[in-house]
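In what follows, a single structure is set out as structure tokens and then discussed.
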Amino acid sequence: MVIFGVTGDLSRKKVMPAIYDLANRGLLPPGFALVGFARRDWADQDFAQIVHDSVREHARTEFREDVWQQLASGIRFVAGDLTSDESFDELKRTVDELDANRGTRGNHAFYLSIPPGLFPVVVQQLKRSGLADSNPDAWRRVVIEKPFGHNLESAQELNNIVGEVFPSGSVFRIDHYLGKETVQNMMAIRFANNLYEPIWNANYVDHVQITMAEDIGIAGRAGYYDGIGAARDVIQNHLLQLMALTAMEEPTSFQADSVRIEKEKVLSAIVLPSDLTAHTARGQYAAGWQGGVEVRGYLDEDGIDKKSTTETFAAVRLDVDNRRWAGVPFYLRAGKRLGRRVTEVAVVFKKAPHQIFSPASTQELSNNAMVFRIQPDEGMTVRFGSKVPGTALEVRDVTMDFAYGDSFTEASPEAYERLILDVLLGDPPLFPRHEEVELQWKILDPILEHWTTLGQPEQYASGGWGPHSSYDMMSRDERMWRRP
Ligand code: BG6
């Protein structure tokens, strides 16, 4: 695997540690080699030291010297410039030498952990130098990280650029949410069981809430985040993928193409509300307190323009125009500096059509709900009513919980472990195809355009649950956000 962008945060915190974790779990062949490419004056040992430090700091599994030594023996570094022919020729020599000495046999994955503006030059160089040429005995794959463009048009351009060099089956777009154990479990729970599907439709479901709340701010990523905002950063990809998995029909199999076809059908059936002001909300975090610590507002963060209109909170209402979901709104919200870190998908059911108990006995009974707890505290909760012990007949909400930690002893792998392994195995079900990415932009583009006409987003207190407009959006529909 060749990584471009080895000096970035993502490589250091996620990609390199995940490679070590795979090696530690015995899932990489002994000849596996890792090549870093960057404009740094490093020798192989300097790069190996960087990988070592990142593994020590961020790997999920324990550090074992023998595993590390095996991995380190295949670590190489190519110092070079992305625009230079010589640098790529040097890279070619390096991987050829590894093929000969370590038995990698021409099987190469190129991980582009670089800004999308640099994709054209890198894929062209991979083509020119012959690095992208596959043959029946050797695969060449390219891994790309979001953002896949900043709107539909730019996403299409990017797809064309990459598609000119790599056939679509060799392009792996990372949406790391799809690598999360609990996200995959949504499919297992829906389609391996008989309990849920009969009620998974407009006859029983009132609405769905998908929440991705983070307690952190932009965490030193001003350069990436400003001008991007919450909707492009996580709704365009992670939340719309969660929505697609919640709403899709059963695929004919778990093969990549079958799953993608079903996700695409849902994404193409999504319709926007007619009044975008009333049914969307956005906000920007203001100074406040979080976990007992005083935190700065977004506009005071280092590197942020004082007049920035970038939203750090976004909420939207979407509908799915098909028979299964007619009249069932999906509410999506994501934000930074909220009350706590939690991602969940809550399917909220309609009230029982008839109640034999008096209104007084059921006043503390709310709608039944099924909640996929994506993180932290991974699992699932079912909320329903039960009789309160005693002589009176009073019904109140209770919950039934499934927690990964209680039912399984093995810890879940990190999303990047699963995804990198799938790249090496050439197994694509967990990677969105370019059609999905484009459909996701198609949904978001009109909302983003509308927001540019609205000026400054509403400020919300750090440590709270977002701007008032987000609550107003729900109360207009006579509903309430869950308090996770
Ligand atoms: C990334 C976003 O895709 O997901 C970040 O760019 C966000 O802004 C991160 O913090 C959250 O990932 P996780 O796995 O911690 O939920």
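Whatever order the structure lists them in is the order used to number ligands and atoms, beginning at 1. The analysis underlying the following values was restricted to heavy atoms, covering all of them including side chains, and did not include hydrogens, waters or symmetry mates.
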**Request:** Could you tell me whether Glu436 and Arg173 make a salt bridge, using a distance below 4.0 angstrom between a side-chain N and a carboxylate O?
**Result:** no
**Request:** Can you pull out the closest protein heavy atom to atom 12 (O) of ligand 1? Residue, atom name and distance to 0.1 Å, please.
**Result:** His176 NE2, 3.2 Å
**Asked** Taking Tyr20 as the fixed residue, which of Trp68, Phe63, Phe32 is the one that meets the ring-ring contact (aromatic ring centres under 6.0 Å, His included) rule?
**Response** Phe63
**Message:** Test your reading of the model: is there a side-chain donor-acceptor pair from Arg140 to the backbone of Leu131, 3.5 Å cut-off?
**Reply:** yes
**Salt-bridge present (Arg12, Asp53; N to O < 4.0 Å)** = no
**Fill in**
The answer for which part of Tyr177 has a heavy atom under 4.0 Å from ligand 1 is side chain
**Message:** With heavy-atom distances below 4.0 Å as the criterion, list the atoms of ligand 1 near His238.
**Reply:** 1 (C), 3 (O), 4 (O)
**Request:** Considering the heavy atoms of Lys336, write down every atom of ligand 1 situated less than 4.0 Å from one of them.
**Result:** 5 (C), 7 (C), 8 (O), 10 (O)
**Message:** Just to be sure I'm reading this right: ignoring hydrogens, which of Lys146, Lys180, Glu145, Glu214 gets closest to atom 9 (C) of ligand 1? Compare them by their nearest heavy atoms.
**Reply:** Glu214
**Asked** Should one rank Arg221, Arg341, Gln375 by closest heavy-atom distance to atom 5 (C) of ligand 1, which comes out on top?
**Response** Arg221
**Prompt:** What atoms in ligand 1 come closer than 4.0 Å to a heavy atom of Asp233?
**Reply:** 2 (C), 5 (C), 6 (O), 8 (O)
**Asked** Is it true that the side chains of Ser253 and Ser258 contain a donor and an acceptor less than 3.5 Å apart?
**Response** yes
**Fill in**
Exactly one candidate in Val266, Val183, Leu240 meets side-chain contact (heavy atoms from CB on, under 4.5 Å) with Leu245; the answer is Val183
